[in-house]
Amino acid sequence: MRPGATPLPELARALAAGDLASREIVADCLAAIEERNESINAVIHLDENAQAAADESDARRRRGESRGPLDGIPVLVKDNIAVRGAPLSCGSKILAGYSPPRDATAVTRLREAGAVILGKANLDEFGMGSSNEHSAFGPVRNPHDPERVPGGSSGGSAAAVAAGFAPLALGTDTGGSVRLPASWCGVVGVKPTYGRVSRSGLVAFGSSLDQIGPMTGSVEGAALALAAMAGPDDADATTLADAWNAPSFGEDSLRGLRVGVVREFLEDGVDEAISTRIRSAIAAMESAGAEIRDVELPHARYAVAAYYVVASAEASSNLARYDGVRFGHRDPEARTLDELYTRTRTHGFGREVQRRILLGTYTLSAGYSEAYYQRAGRVRERIRGDFDQAFSQVDVLVSPVSPESPFHLGDLRGDPLRMYLNDAMTIPASLAGLPAVSVPVGMIDGLPVGLQVQAPRGQDDRALLVAAAVERLRVGP
Amino acid sequence: MVDREEVLEVARLARLELRPEDLERLAGQFGRILDYMELLREVDDEAPLPPPVAVALRPDEVRPGLTREEALAHAPKSDGETFLVPPVILPGDGK
C-alpha cells in the first residue's frame with residue numbers, strides 16, 4: 001500500500017522500525033495530491049516547509065530522539081484552524097490575504113508530537129454546510145464518486161484522507177461536520193467531548209458547539225492524534241481540566257457491553273439500505289457478546305430545530321468581527337464607515353453564511369429572542385438530560401451517521417432545510433457535548449456508510465474502544 | 001413566508017445588503033426554516049430542566065496579547081499606530 005494511504009498506526013510502526021522515512025511519506029502524499037487534487041479539490045494550500053519538517057523528523061529518529069507515534073506523520077489541517085505562516089481562509093473571500101500570527105493550540109501540540117504540517121484542507125465557508133459545496137475555492141468532490149459531494153463541512157479533510165493525500169487530517173465539528181464527511185468518504189472521524197481539544201486558534205462558528213477532531217483511516221490512529229491534541233489549555237477556558245491519553249487497543253471483546261439503539265434513528269426518513277447495514281452491524285455486535293437495548297431520546301426530534309437556532313445565533317454574533325477594519329477583505333469603494341461594513345460583508349460572505357447570519361440575527365433580535373434562542377437553549381438542556389437518562393441504562397449508543405448516502409453536487413441547491421436535516425443523527429451529541437465517533441461499515445453501491453458510536457460526556461476512550469471493536473467486525477462489503 | 005420588510009430590517013442589523021431577487025428567495029426560505037423551528041413550541045417548557053453542567057471559570061487576569069505590530073500587520077489600512085477607516089459621516093450629510 002502507498003504510504004500516504006496506509007493507516008496511521010502501521011505508518012508509525014514502519015517509521016519506528018526504520019522501514020520508512022517521513023520524507024518518503026511526505027513525497028508520496030505530495031505526488032498523490034499533484035495527481036488527483038485538481039479533480040477532488042480537497043487541498044487548498046501546501047505548506048512549503050513540509051519537506052524540511054519531514055527531514056528534521058527523520059534526523060530526530062536517527063539520533064534516537066523520536067517524539068512518538070506521530071513523529072514524521074503528515075497532517076492536513078482544515079482551513080478554519082490557524083497554522084502560522086499559512087493562509088487562513090475559512091473557505092471565504094472575506095479573509096483574503098489573511099495569515100495568522102500563531103498556531104492553533106491543536107497544531108502546536110501536533111508539531112510538538114513531531115507531526116508534519118502538509119497544508120490546508122478545503123471546507124464549507126466558516127464550517128457552515130453539510131456538503132462542502134459552499135466554499136470560495138469551489139466544491140470538494142467525493143473520491144469514491146466525483147459527481148457526488150463528500151459531506152461537509154470538513155469535506156476537504158475527509159476527501160483528502162480517502163484519496164490518500166494524507167494519512168491524517170484535522171476537521172472541526174459543530175453539528176456533525178467531522179462525522180458526516182467521514183461517513184460519506186469512508187474514513188474514521190472523531191468528535192471529542194466538548195472541551196477535550198482547545199478551540200484556541202479555531203475560527204469560531206458556534207462557540208458552545210465547535211470541537212476539533214481527527215479524521216484518518218483507523219480508530220487507533222484517530223486516538224493517537226486526539227491524545228496529542230487533547231488536554232487543558234489556558235487559552236481556552238472551556239477545555240476540560242483532565243489530561244487524556246489514548247486507551248490501549250487490544251482485542252477487547254464486546255462481551256457484556258450494553259449498546260443502546262434509538263429506534264427512530266433506524267426508521268424515520270432513513271434510507272432502507274443504510275438502515276439494513278446498521279442493523280447488520282448491531283447484530284454483529286450482539287453476536288460478539290454485546291447486549292442490545294432499545295432506549296429513547298424523547299427530545300431528539302427537536303434537535304435540528306434547536307441546533308439551527310443556537311448555532312445560527314452564535315454564528316451571527318461570532319461573524320460580526322468581519323467588518324473590513326482590522327484584517328481580511330475591505331471594500332475599496334466605501335465612502336463611509338457604515339458603507340465599509342455593509343459592502344465588505346456583502347461581497348465577502350457567501351450565500352449560506354449570509355443566510356445563517358440573517359437567521360441568527362433574526363432569532364436574537366428584540367421580540368424574538370425568547371421565542372427562539374432562549375427556548376432552543378432549554379430544549380438543548382432537555383436533550384442533554386435525555387442522554388443522561390439513556391446512559392444510565394447503556395454504555396454507548398449506536399446509530400447511522402446520516403440518513404442517506406452522499407447526493408450529487410447541486411441536488412439540494414435552494415433547499416437549505418433538507419440540507420440541515422442531513423445532520424439529524426449527529427446534532428444531538430453536539431448539543432449535549434458528547435463524544436461521538438463515525439466508523440466505516442462498508443459500502444453500498446460503491447459509496448461508504450458510517451456507523452456512529454456515542455458515549456457519555458468525557459468518555460471519549462469508551463467511544464473509541466467500541467468503534468475499534470466495530471471496525472474489527474468488518475461489517476458489510 | 002416572512003415579511004419582506006422584516007428581512008430587510010434584519011439585513012440592516014447584520015450589515016448585509018440584499019439584492020431584490022435575493023430578498024424574495026430569502027423571505028421564502030426563511031419562512032420554511034422558521035416554520036420548522038415552530039416544532040420547538042411542542043416541547044413542554046414547564047417541565048423541570050436537568051441540573052446544569054459545572055463550568056470552571058479562569059481567573060480574570062491581565063496577560064500579554066498581540067503586540068501593536070502584530071495587531072496592525074493585517075490592517076487593510078493603517079498609519080502604523082491605528083486602524084484607518086473612512087469617515088463616519090460625510091461632509092454635507094445630515095443637513
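None of the values given here were measured: they were computed from a predicted structure. Proteins get letters first, then strands, A, B, ... in listed order; numbering begins at 1 in each.
With a 4.5 angstrom heavy-atom cutoff, A:Val325 touches chain B via backbone and side-chain atoms both. Neither the backbone nor the side chain of A:Thr238 comes within contact range of chain B, judged by heavy atoms closer than 4.5 Å. Heavy atoms of A:Leu421 lying under 4.5 Å from chain B belong exclusively to its side chain. Residue contact with chain B, scored on non-hydrogen atoms closer than 4.5 Å, is absent for A:His347. At a 4.5 Å heavy-atom cutoff, the contact between B:Glu6 and chain A is made by side-chain atoms alone. Contact annotation for A:Ser316: neither backbone nor side-chain heavy atoms come within less than 4.5 Å of a heavy atom of chain B. With a 4.5 angstrom heavy-atom cutoff, A:Tyr420 touches chain B only via side-chain atoms. In this structure, chain B has a heavy atom under 4.5 Å from the side chain of A:Tyr368, while its backbone stays farther away. Heavy atoms of A:Leu340 lying under 4.5 Å from chain B belong exclusively to its side chain. Looking at B:Arg63, the atoms closer than 4.5 Å to chain A (heavy atoms on both sides) all sit in the side chain, from C-beta outward.
Ionic pairing of B:Arg15 and A:Asp323 is not present here: no N-O contact between side-chain nitrogen and carboxylate oxygen is shorter than 4.0 angstrom. The pair A:Arg301-B:Glu42 counts as a salt bridge, with a side-chain nitrogen and a carboxylate oxygen less than 4.0 angstrom apart.
The line from NE2 of A:His299 to CG of B:Leu40 is 10.5 Å long, rounded to the nearest 0.5 Å. Rounded to the nearest 0.5 angstrom, A:Arg351 CZ and B:Asp22 CG are separated by 5.5 Å. Separating the CZ atom in A:Arg418 from the OH atom in B:Tyr36 is a distance of 13.5 Å, to the nearest 0.5 Å.
Ranking B:Leu26, B:Leu13, B:Ile33, B:Val43 against chain A, the residue ahead of the rest is B:Val43, based on heavy-atom pairs under 4.5 Å. The greatest number of non-hydrogen atom pairs below 4.5 Å with chain A, out of B:Leu66, B:Val85, B:Asp45, B:Leu72, is found for B:Asp45. When each of A:Arg384, A:Arg457, A:Glu381, A:Arg102 is scored by its heavy-atom pairs under 4.5 Å with chain B, the top score falls to A:Arg384. Your options are A:Ile357, A:Val309, A:Leu359, and the one with the most heavy-atom pairs under 4.5 Å with chain B is A:Leu359. The candidate with the highest count of non-hydrogen atom pairs below 4.5 Å against chain B, out of A:Ala241, A:Ala334, A:Gly360, A:Ala306, is A:Ala306. Of the residues considered (B:Ala73, B:Ala75, B:Ala14), B:Ala14 shows the highest number of contacts with chain A, using heavy-atom pairs under 4.5 Å.
Side chain of A:Thr336 to main chain of B:Ile89: no donor-acceptor pair is present (N/O by atom type, distance under 3.5 Å, no hydrogens or angles). A donor-acceptor contact shorter than 3.5 Å links the side chain of B:His74 to the backbone of A:Ser99. The main-chain N or O of B:Glu17 is never found under 3.5 Å from a side-chain atom of A:Arg345 such that the two would form a donor-acceptor pair. Judged purely by atom type and a 3.5 angstrom limit, A:Arg355 has no side-chain atom pairing as donor or acceptor with the backbone of B:Phe30.
The 12-atom threshold is exceeded at CD of B:Glu38, counting heavy atoms of other residues, nucleotides or ligands nearer than 6.0 Å. Other residues, nucleotides and ligands contribute at most 12 non-hydrogen atoms within 6.0 Å of the CZ atom of A:Arg84. In B:Glu46, the CD atom is not crowded: 12 or fewer heavy atoms of neighbouring residues, nucleotides or ligands sit closer than 6.0 Å.
Evaluated for a side-chain contact (heavy atoms from CB on, under 4.5 Å) with B:Leu16, the options A:Leu358, A:Thr361, A:Thr342 yield exactly one hit, A:Leu358.
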| task | Please step through side chain to side chain contact (heavy atoms under 4.5 Å, CB included) for the pair A:Tyr362 and B:Leu34, ending with a clear verdict. | result | CA-CA 10 Å; A:Tyr362 180 86; B:Leu34 293 170; 3.4 Å; yes

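A:Arg335 has its side chain out of reach of B:Pro86: every pair of non-hydrogen atoms, C-beta onward, lies at least 4.5 Å apart.
Nearest heavy-atom pair across A:Arg326 and B:Pro76 is C-CD, 3.8 Å.
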